Amino acid sequence: MSHPRQHFPFATYEYKRSDPCVTPHDCTQYHFYYIHSGQCDYDQGEHSVRWGRGDMIITNGITPYNPKEEPGWDCVQTRFSFDPQLASVFDPYFCTDSPLKPFIELRNHRIRLSEEQIADCENILQRINHFYEEEEKAFYNRFLMAFYDLLMFISNLSREAMENSPRISAEKERNVQKMIAFIENYYMEDVTLEQMEAELHMSKYYLTRMFREMTGMTIFDYLRHRRIKQAKLLFYYRKDSTVTDVCYQVGYNNLAHFSRVFKKQVGMSPDQYRREQSALS
DNA sequence: TGCCAAGACCTGACATTAAG
DNA sequence: CTTAATGTCAGGTCTTGGCA
């Protein structure tokens, strides 16, 4: 029987793993890495980075980190990929700063923890894992609180770096962020490159190239990804939704097409997925 | 940074089938 | 009967190599 969290639409939590991440990079999600022990090498764009014990890495996902799967891989790490929406439940508690501010402002950032911070961090990660693994729904709220704790931990450690970080990101990255923002606003409608061209005042040819260069995926790959992710969320939260409802809500005009895309991306048909989500509650 | 052209791929329409 | 999955096809859009 599959674990209920396997299809949990908001987050993937991999605790104390000694293997490199094999799931494809998802630039729609924020990523967190923590190295418990050992060392590992990652490619980040044109650069290579080495992480070791006590390193905590946060990234907004736009520029992916790819593990170098060399024989030298000797590392125990926790990986946490989550949808920014996961933090939206905390919004009412905030007046000013988003709990995701370090991810947004620092984009890709490593923090080397002190021994005291290592103890704190590992304690939080262990708690998150405990609640993540629990099947009972009551634990979900405790999972969220532990997640909130982690975000606050990250925010405290990132304060100085955020004050010193350049306010304006690289031109290309800013444009990619604009494209992503555009998709976020309009993915439930028809989206065309012409619209983006008009919005960003840049040629569609250049936009598609820039997007691929920065994210490793094409604009429409991203759009499909975003729509299917939203479909999964709708199935998760509104158990009474029909496949047809969800299909139109996420921007598809054709059920057959939606069904095909969903199956290709998720590995099961929308109806199958919907039934699994219903069975969980 | 932008354009063109060609091929790849996506999308939507429609038909058919299956399950409840 | 309704809902959903799957197959086929035509038309349209996206992606990308090559070039300026």
Side-chain angles (χ1 to χ4, degrees), chain A residues 1-2 4 6-9 23-29 43-47 61-64 66 107 166 168-281:
Chain A
M1 186 186 150
S2 67
Q6 193 178 338
H7 303 301
F8 183 61
T23 45
H25 178 76
D26 180 353
C27 74
T28 69
Q29 299 205 320
D43 283 327
Q44 194 226 341
E46 293 165 3
H47 310 286
I62 287 181
T63 309
N66 296 306
R107 304 190 300 282
I168 298 168
S169 60
E171 187 70 21
K172 279 184 181 176
E173 193 167 271
R174 242 194 355 256
N175 284 324
V176 169
Q177 279 168 340
K178 280 183 191 169
M179 281 188 266
I180 289 175
F182 183 85
I183 291 173
E184 284 300 314
N185 286 333
Y186 295 105
Y187 70 87
M188 65 296 278
E189 301 166 22
D190 288 338
V191 173
T192 65
L193 284 176
E194 269 78 14
Q195 292 168 334
M196 280 194 214
E197 202 172 37
E199 179 83 13
L200 278 87
H201 310 290
M202 289 174 133
S203 133
K204 58 186 178 184
Y205 309 105
Y206 182 59
L207 289 178
T208 57
R209 279 201 172 84
M210 182 164 52
F211 196 91
R212 183 164 186 96
E213 181 192 339
M214 298 294 289
T215 67
M217 65 203 296
T218 70
I219 294 174
F220 279 75
D221 279 344
Y222 182 92
L223 175 64
R224 276 187 293 281
H225 209 100
R226 183 65 187 88
R227 283 174 166 165
I228 297 304
K229 187 170 78 182
Q230 188 64 18
K232 288 165 81 176
L233 293 177
L234 290 172
F235 286 134
Y236 183 78
Y237 278 120
R238 302 188 198 151
K239 313 280 190 213
D240 55 338
S241 294
T242 65
V243 173
T244 311
D245 286 343
V246 170
C247 161
Y248 289 110
Q249 280 177 48
V250 300
Y252 284 99
N253 299 314
N254 184 283
L255 180 62
H257 182 54
F258 168 68
S259 181
R260 266 191 301 261
V261 174
F262 192 98
K263 186 164 187 175
K264 189 175 176 190
Q265 201 163 301
V266 181
M268 66 177 82
S269 71
D271 193 47
Q272 244 178 314
Y273 184 85
R274 186 174 62 96
R275 285 169 199 274
E276 281 210 3
Q277 295 304 317
S278 299
L280 294 182
S281 56

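These numbers come from the heavy atoms of this one structure, side chains and all, not from hydrogens, waters or symmetry mates. A quick note: this is a predicted structure, and the numbers were derived from the prediction, not measured. Naming: A, B, ... by sequence-line order, numbering from 1 per chain.
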- Query: Quick one: is C:dA5 close enough that its OP1 or OP2 comes under 4.0 Å of any side-chain N or O from A:Ser269?
  - Reply: yes
- Nearest-Å distance, NZ (A:Lys204) to C1' (B:dC3)? 10 Å
- Message: So if I take every side-chain heavy atom of A:Met202 and compare against C:dG7, B:dT11, B:dG2, which nucleotide ends up nearest?
- Response: B:dG2
- Message: I need the OH-C1' distance between A:Tyr248 and B:dA13, as an integer number of Å.
- Response: 11 Å
- Hey, does the side chain of A:Arg209 come within less than 4.0 Å of B:dT1's phosphate (OP1/OP2), counting only N and O? no
- When rounded to whole Å, the OH to P distance for the pair A:Tyr205 and B:dA6 reads 13 Å
- Task: Compare side-chain N and O positions of A:Ser203 against OP1 and OP2 of B:dT1 and report whether any pair is under 4.0 Å apart.
- Result: no
- Note on the structure: Side-chain atoms of A:Lys264 come closest, of B:dA13, B:dC10, C:dA5, to B:dC10
- Message: Without decimals, in angstroms, what is the distance between A:Asn253 CG and C:dG11 P?
- Response: 19 Å
- Side chain of A:Thr218 only, please: which of C:dA5, C:dT16, C:dA4 is the nearest? C:dT16
- Query: Taking only side-chain nitrogens and oxygens of A:Thr244, does any of them come within less than 4.0 Å of OP1 or OP2 of C:dA4?
  - Reply: yes
- Roughly how many Å is it from CE in A:Met196 to C1' in C:dT15, rounded to a whole number? 14 Å
- Over how many whole Å does the gap from A:Asn254 atom CG to C:dT8 atom P extend? 16 Å
- Query: Rounded to whole angstroms, how far apart are CE on A:Met217 and P on B:dC9?
  - Reply: 16 Å
- Kindly point out which of C:dC14, C:dT8, B:dT11 is positioned nearest to the side chain of A:Leu193? C:dC14
- A:Ala256 side chain: which of C:dT15, B:dC10, B:dC14 is closest? B:dC14
- Message: Quick check against the 3.5 Å criterion: does A:Arg274 have a side-chain atom that pairs as donor or acceptor with the backbone of A:Phe235?
- Response: no
- Item | Closest to side chain of A:His257, choosing from C:dA5, B:dA13, B:dT11 | B:dT11
- Taking only side-chain nitrogens and oxygens of A:Arg224, does any of them come within less than 4.0 Å of OP1 or OP2 of B:dC10? yes
- Task: Provide, to the nearest angstrom, the distance between the CG atom belonging to A:Asn175 and the P atom belonging to B:dG2.
- Result: 10 Å
- Query: Taking the side chain of A:Lys263 as its heavy atoms from C-beta onward, which of C:dT6, C:dC14, B:dG2 lies nearest to it?
  - Reply: C:dT6
- Which of the following nucleotides, C:dT16, C:dT8, C:dA4, is nearest to the side chain of A:Arg260? C:dT8
- Message: Please check: side-chain N/O of A:Gln230 versus main-chain N/O of A:Val250, any donor-acceptor pairing under 3.5 Å?
- Response: no
- Query: What is the minimum heavy-atom distance between A:Leu200 and A:Leu207, and which atoms define it?
  - Reply: CD2-CD2, 4.2 Å
- Note on the structure: Side-chain contact check for A:Tyr252: nearest option of C:dT16, C:dA4, B:dG12 is B:dG12
- Quick one: label A:Phe220 by what it contacts on the DNA or RNA (base, sugar-phosphate, nothing), any heavy atom closer than 4.0 Å. sugar-phosphate
- Task: Taking all non-hydrogen atoms of both residues into account, name the closest pair between A:Gln265 and A:His225 and its distance.
- Result: NE2-CA, 3.3 Å
- For A:Thr242 and C:dT3, is the shortest distance between a side-chain N/O and OP1 or OP2 below 4.0 Å? no
- Message: Applying a 4.0 Å non-hydrogen cut-off, can you work out what A:Glu197 is touching in the nucleic acid: base, sugar-phosphate, or nothing?
- Response: nothing
- Indicate whether any N or O donor in one side chain lies under 3.5 Å from an N or O acceptor in the other, for A:Gln195 and A:Tyr186. no
- May I ask you to decide if the ring planes of A:Tyr252 and A:His257 are parallel, tilted or perpendicular, using 30° and 60° as cut-offs? perpendicular
